Amino acid sequence: MKHQIQKMVSLALDRIAAEGVMPADQIPQPVIERTRDSRHGDFACNVAMVLAKLAKRRPRELAESLTAALPDSQVVKKVEIAGPGFINFHLSSNAYHGLVATIIERGHQFGRSDMGAGKRVQVEFVSANPTGPLHVGHGRGAAYGAVVADLLQAVGFEVHREYYVNDAGRQMDILAASVWLRYLELCDEELQFPANGYRGDYVWDIAAALHREHGEAYKCSTREVFDDIVPDEPQGGDKEAHVDALIARSRQLLGGNRYRYLFELALNTILDDIREDLELFGVHYEEWFSELSLSEAGSVNQTIERLRETGYLYESEGAHWFRSTRFGDEKDRVVVRDNGQTTYFASDIAYHLDKLSRGFDRVIDVWGADHHGYIPRVKAALEALGEDPSRLDVLLVQFANLYQGGEKMQMSTRSGSFVTLRQLRKEVGRDAARFFYVMRKCEQHLDFDLDLAKSQSSDNPVYYVQYAHARVCSVMRQASEKGVSVAISEGTDNLDRLIEPHELALLSRLSEYPEVVEAAALQEEPHQLTHYLRQLANDFHTYYNAHQFLAEDQSLRDGRVKLILAVQQVLRNGLNLLGVSAPENM
RNA sequence: GUGCCUGUAGCUCAACUGGAUAGAGUACCGGCCUUCGAAGCCGGGUGUUGGGGGUUCGAGUCCCUCCAGGCGCGCCA
């Protein structure tokens with residue numbers, strides 16, 4: 001509908017331009033928007049005000065000429081000029097009859113489009129280090145990334161969802177060492193657990209599994225392990241150096257094979273847990289991309305060599321630096337440490353290079369907002385290597401704060417005192433969690449009220465929307481129990497019986513749905529869809545209370561049943577895009 | 001100190017990316033169930049859009065400045 005009106009206005013603009021009112025080569029695409037206030041009609045156009053200066057005419061005067069030049073239309077009943085120069089379009093009552101038929105006919109396809117024209121988009125999200133279970137902070141990135149991906153797919157992009165597994169870095173070694181030390185404790189060794197080690201219960205679990213299956217085959221004495229190790233922080237030393245020394249000692253005492261077994265046991269246990277967790281959260285990936293595979297294939301070293309060839313690499317204090325300041329970064333960045341190890345940044349450049357080389361038209365990263373300082377250096381590296389950095393889009397997701405009983409809950413990964421995504425799901429359920437996570441713009445801090453998400457009351461927006469869907473189902477059940485026929489007629493038959501203001505409002509709302517999906521997808525803003533669904537549910541509940549759907553009058557009933565079936569379909573489609581179920585009863 | 005993000009009704013947030021009188025939910029008060037599910041609906045008031053300046057027909061939205069909060073500023077990932 002929007003496009004139809006836009007075409008009409010464009011045509012009118014061409015016509016008056018031909019009359020020499022203004023230069024024909026400077027005519028913009030007119031903006032059509034839905035009115036906020038129904039007294040202003042259904043759609044409004046501001047083009048007369050925008051072009052007033054160019055045409056050297058008063059806005060209202062220009063609007064007069066424009067409306068006179070508008071072509072006739074079946075769907076537009078009345079055109080008015082209002083305010084400073086708005087052109088308001090009032091639709092005729094049958095304008096949306098085709099819409100209802102279309103929704104019913106297209107079913108779950110309604111709202112989808114091919115606007116993306118099959119362009120390939122890669123969306124990387126969550127990508128949490130496999131050093132512990134996912135917590136509620138990751139949950140937001142998971143829900144947000146999943147919905148953005150689904151939205152893009154819905155409007156015709158070919159979407160590739162990917163999880164980057166950081167299975168190569170130092171953090172993984174710290175995890176392995178942590179597991180081993182806990183294992184030693186299970187073997188009745190007494191030791192001082194490092195300040196920088198991972199302390200969560202899951203570390204004990206992995207250690208216990210190792211102990212169960214291999215007895216004391218991995219045991220060493222505490223003396224062997226800690227002999228000559230630099231002191232830890234509580235003893236006045238450096239916690240980083242301490243833990244690095246413990247890692248080196250683990251490798252040395254266990255030997256390559258046993259260390260690798262331990263490392264992979266920890267990695268796989270946690271990764272399996274993460275996979276299952278996300279699966280149960282309704283988040284699916286096309287690919288789990290291993291960082292380790294990058295370095296094993298030599299990509300990281302190749303990337304560093306390519307960078308060296310560009311001349312933007314230099315040596316200083318024994319390390320190799322990338323001159324990212326050349327490309328607007330705050331400071332230069334190390335890619336190879338003085339101990340010869342490549343940095344996380346180095347593999348990340350290699351990874352992004354790999355993504356771009358796979359031929360995606362667009363690459364989207366969903367990151368926690370605490371990583372925002374990282375964007376300039378990644379883009380700098382891509383630019384230095386001759387890639388177009390604008391192909392990469394980084395979406396930052398702010399933290400989610402959990403509230404319970406009005407109290408903010410504090411969390412920290414290292415200390416192990418965090419609420420896991422799994423706990424949250426068990427607590428509030430998948431539907432509420434998914435919905436709450438995407439209810440806010442991603443750059444907003446999210447206050448996640450556990451009590452509200454759990455509550456089965458009208459306060460809870462998830463139930464509000466789901467209830468609207470269940471209500472339609474219930475009406476249809478009632479009809480069959482009462483023996484009332486609700487087999488609907490063909491096409492647009494009987495839709496002319498829909499004349500109540502509530503019905504017209506509902507029709508207009510339904511017509512918005514494809515626009516909302518498109519806007520939410522292109523702007524990467526799932527919250528637009530949650531807001532829309534609440535409005536649609538509200539329109540429906542209002543209608544429900546005002547009118548009897550299963551009317552005596554057969555043709556009236558037919559029209560109304562068609563309308564509420566269309567509502568049901570759109571609610572279902574929208575919830576489905578959010579990864580939230582559309583229950584038939586509650 | 002410096003860069004990014006945020007600041008809108010008592011609280012949690014919208015505002016179609018520059019449009020008309022800034023809107024929802026919640027909280028508070030009142031009304032609506034012998035008729036399709038009251039997990040619902042209807043009515044009632046709430047604003048110096050953090051402050052100040054600027055840009056223009058028009059600013060919550062863009063620019064400058066100040067104030068407040070969050071995050072970042074490692075040869076960690």
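Numbers restart at 1 for each chain; the letters A, B, ... are given by sequence-line order, proteins then strands. The model shown is predicted, which means the values in this text are computed figures rather than measured ones. Any value given below was found using the heavy atoms of this structure, including those in side chains, with hydrogens, waters and symmetry copies removed.
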(message) Going by the rule ring-ring contact (aromatic ring centres under 6.0 Å, His included), which residues pair with A:H90 if we only count those two or more places apart in sequence or in a different chain?
(response) none
What does the list of N/O pairs under 3.5 Å between the protein and nucleotides 16-19 of chain B look like, with a distance for each?
{"unit_1": "B:C16", "atom_1": "N3", "unit_2": "A:R34", "atom_2": "O", "d": "3.1"}
{"unit_1": "B:C16", "atom_1": "N4", "unit_2": "A:R34", "atom_2": "O", "d": "3.4"}
{"unit_1": "B:U17", "atom_1": "N3", "unit_2": "A:Q523", "atom_2": "OE1", "d": "3.1"}
{"unit_1": "B:U17", "atom_1": "O4", "unit_2": "A:Q523", "atom_2": "OE1", "d": "2.8"}
{"unit_1": "B:U17", "atom_1": "O4", "unit_2": "A:E525", "atom_2": "OE1", "d": "3.3"}
{"unit_1": "B:U17", "atom_1": "O4", "unit_2": "A:E525", "atom_2": "OE2", "d": "3.1"}
{"unit_1": "B:G19", "atom_1": "N7", "unit_2": "A:N46", "atom_2": "ND2", "d": "2.7"}

(message) Mind checking if A:A82 touches a base, just sugar-phosphate, or nothing, with heavy atoms under 4.0 Å?
(response) base
(message) Distance check needed: B:C11 P versus A:L452 CG, whole Å only.
(response) 17 Å
(request) Could you tell me which residues satisfy ring-ring contact (aromatic ring centres under 6.0 Å, His included) with A:F399, sequence neighbours excluded, listed by chain and number? (result) none
(message) Can a side-chain donor-acceptor contact be found between A:R497 and A:S555 if the only test is distance below 3.5 angstrom?
(response) yes
(message) Using the P atom as the point on both nucleotides, what is the distance between B:C4 and B:C64, in whole Å?
(response) 10 Å
(request) Give the rounded distance in Å between these two atoms: NZ of A:K482 and C1' of B:G37. (result) 12 Å
(request) For B:C33, decide between syn and anti, treating a glycosidic angle within 90° of 0 as syn. (result) syn
(request) Starting at atom CZ of A:R534, determine the distance to atom C1' of B:G25, rounded to an integer number of angstrom. (result) 5 Å
(message) Testing the 3.5 Å rule here: is there a donor-acceptor pair between the side chains of A:Q398 and A:Q444?
(response) no
(request) Using a heavy-atom cut-off of under 4.0 Å over every strand shown, decide if A:R39 touches base, sugar-phosphate, or nothing. (result) base
(request) May I ask you to evaluate whether A:Q535 reaches the phosphate of B:G25, defined as a side-chain N or O under 4.0 Å from OP1 or OP2? (result) no
(message) Between B:C13 and B:G70, how far apart are the two P atoms, rounded to whole Å?
(response) 15 Å
(request) Please report, rounded to the nearest Å, how far the P atom of B:G3 is from the CZ atom of A:F327. (result) 22 Å
(request) Specify the separation, in whole Å, of atom CG of A:N538 and atom C1' of B:U26. (result) 14 Å
Atom pairs and distances, donor-acceptor, side-chain atoms in residues 507-519 of chain A, under 3.5 Å, two or more places apart:
{"unit_1": "A:R509", "atom_1": "NE", "unit_2": "A:D539", "atom_2": "OD2", "d": "2.6"}
{"unit_1": "A:R509", "atom_1": "NH1", "unit_2": "A:E512", "atom_2": "OE2", "d": "3.3"}
{"unit_1": "A:R509", "atom_1": "NH1", "unit_2": "A:Q535", "atom_2": "OE1", "d": "3.3"}
{"unit_1": "A:R509", "atom_1": "NH2", "unit_2": "A:D539", "atom_2": "OD2", "d": "3.3"}
{"unit_1": "A:S511", "atom_1": "OG", "unit_2": "A:R34", "atom_2": "NH2", "d": "2.9"}
{"unit_1": "A:S511", "atom_1": "OG", "unit_2": "A:Y96", "atom_2": "OH", "d": "3.3"}
{"unit_1": "A:S511", "atom_1": "OG", "unit_2": "A:S508", "atom_2": "O", "d": "2.6"}
{"unit_1": "A:Y513", "atom_1": "OH", "unit_2": "A:G574", "atom_2": "N", "d": "3.4"}
{"unit_1": "A:E515", "atom_1": "OE1", "unit_2": "A:R34", "atom_2": "NE", "d": "2.9"}
{"unit_1": "A:E515", "atom_1": "OE2", "unit_2": "A:R34", "atom_2": "NH2", "d": "3.0"}

(request) Report the distance from atom NE2 of A:H502 to atom P of B:C41, rounded to the nearest whole Å. (result) 11 Å
(request) Could you give the distance separating B:G60 and B:U48 at their P atoms, to the nearest angstrom? (result) 14 Å
(message) List the residues meeting salt bridge (charged side-chain N to carboxylate O under 4.0 Å, His left out) with A:D431, not counting sequence neighbours, and say none if there are none.
(response) none
(message) Please give the distance between the C1' atoms of B:G18 and B:C57 as a whole number of Å.
(response) 12 Å
Residues 82-89 of chain A, side-chain donor-acceptor partners within the protein, below 3.5 Å, at least two apart:
none

(message) When the P atoms of B:C32 and B:U49 are compared, how many Å lie between them, rounded to an integer?
(response) 39 Å
(request) Remember a base hit wins even if backbone is also touched, and classify A:A546 as base, sugar-phosphate or nothing at under 4.0 Å, heavy atoms. (result) nothing
(request) Could you tell me which residues satisfy ring-ring contact (aromatic ring centres under 6.0 Å, His included) with A:Y144, sequence neighbours excluded, listed by chain and number? (result) none
(message) If you compare every side-chain N and O of A:Y198 against the phosphate oxygens of B:A77 (OP1, OP2), does one of them come in below 4.0 Å?
(response) no
(message) Taking B:C66 as the reference, what is the distance to B:G58 when you measure between their P atoms (whole Å, please)?
(response) 27 Å
(message) Between B:G47 and B:A24, how many Å separate the two C1' atoms, rounded to a whole number?
(response) 15 Å
(message) Need one value for A:T542: base, sugar-phosphate or nothing, where a base atom within 4.0 Å counts as base even if backbone is also close, heavy atoms only.
(response) sugar-phosphate
(message) Can you work out whether A:L396 or A:F549 has the more 5'-proximal nearest nucleotide on RNA chain B?
(response) A:L396
(request) Whole angstrom is fine here: how far is it from CZ in A:F540 over to C1' in B:G40? (result) 10 Å
(message) Walk along nucleotides 68-75 of chain B from 5' to 3' and tag each nucleotide B, S or - by protein heavy-atom contact under 4.0 Å, base first, then sugar-phosphate.
(response) --SBSSBB
(request) Looking only at side-chain atoms of A:K53, point me to the closest of B:U56, B:G37, B:A14. (result) B:U56
(message) Nearest heavy atom decides the nucleotide; on that basis, is A:A168 or A:H527 closer to the 5' end of RNA chain B?
(response) A:H527
(message) What's the closest nucleotide to the side chain of A:R440 if the choices are B:C13, B:A39, B:A77?
(response) B:C13
Indicate every side-chain donor-acceptor pair of residues 542-552 of chain A with a distance under 3.5 Å to a residue at least two apart or in another chain.
{"unit_1": "A:T542", "atom_1": "OG1", "unit_2": "A:N538", "atom_2": "O", "d": "2.9"}
{"unit_1": "A:Y543", "atom_1": "OH", "unit_2": "A:E503", "atom_2": "OE2", "d": "2.7"}
{"unit_1": "A:N545", "atom_1": "ND2", "unit_2": "A:H541", "atom_2": "O", "d": "2.9"}

(message) Which residues pass the ring-ring contact (aromatic ring centres under 6.0 Å, His included) test with A:H531, not counting sequence neighbours?
(response) A:H527
(request) For B:U17, decide between syn and anti, treating a glycosidic angle within 90° of 0 as syn. (result) syn
(message) If I take atom CZ in residue A:F448 and atom P in nucleotide B:C11, what distance separates them, rounded to the nearest angstrom?
(response) 22 Å
(request) Using the aromatic ring of A:H40 (for Trp, its six-membered ring), decide whether it stacks on the base of B:A20 within the limits of 5.5 Å and 30°. (result) yes
(message) With rounding to the closest Å, how many angstrom separate the C1' atoms on B:C16 and B:G72?
(response) 33 Å
(message) Expected output check: what is the dot-bracket annotation of RNA chain B, where ( ) and [ ] are pairs inside the strand (brackets for crossing ones), | is paired with another strand, and pairs are Watson-Crick or G-U under 3.5 Å?
(response) (((((((..((((.....[...)))).(((((.......))))).....(((((..]....))))))))))))....
(message) Regarding B:A20, can its base be found pairing with the side chain of A:N88 as donor and acceptor, where the two atoms are less than 3.5 Å apart?
(response) yes
(message) I'd like to check the salt bridge (charged side-chain N to carboxylate O under 4.0 Å, His left out) partners of A:D449; sequence neighbours left out, ordered by chain and number.
(response) none
(request) Answer yes or no: does a side-chain N or O of A:Y544 lie under 4.0 Å from OP1 or OP2 of B:A38? (result) yes
(request) Take A:D332 and A:R326 through the salt bridge (charged side-chain N to carboxylate O under 4.0 Å, His left out) test and state the conclusion after the steps. (result) CA-CA 9 Å; A:D332 292 341; A:R326 264 312 155 73; over 6 Å; no
(request) In plain terms, say whether A:D329 and A:R333 are close enough for a salt bridge, that is, a side-chain N and a carboxylate O under 4.0 Å apart. (result) yes
(request) Using only heavy-atom distances, determine whether the side chains of A:E291 and A:Y344 contain a donor-acceptor pair under 3.5 Å. (result) no
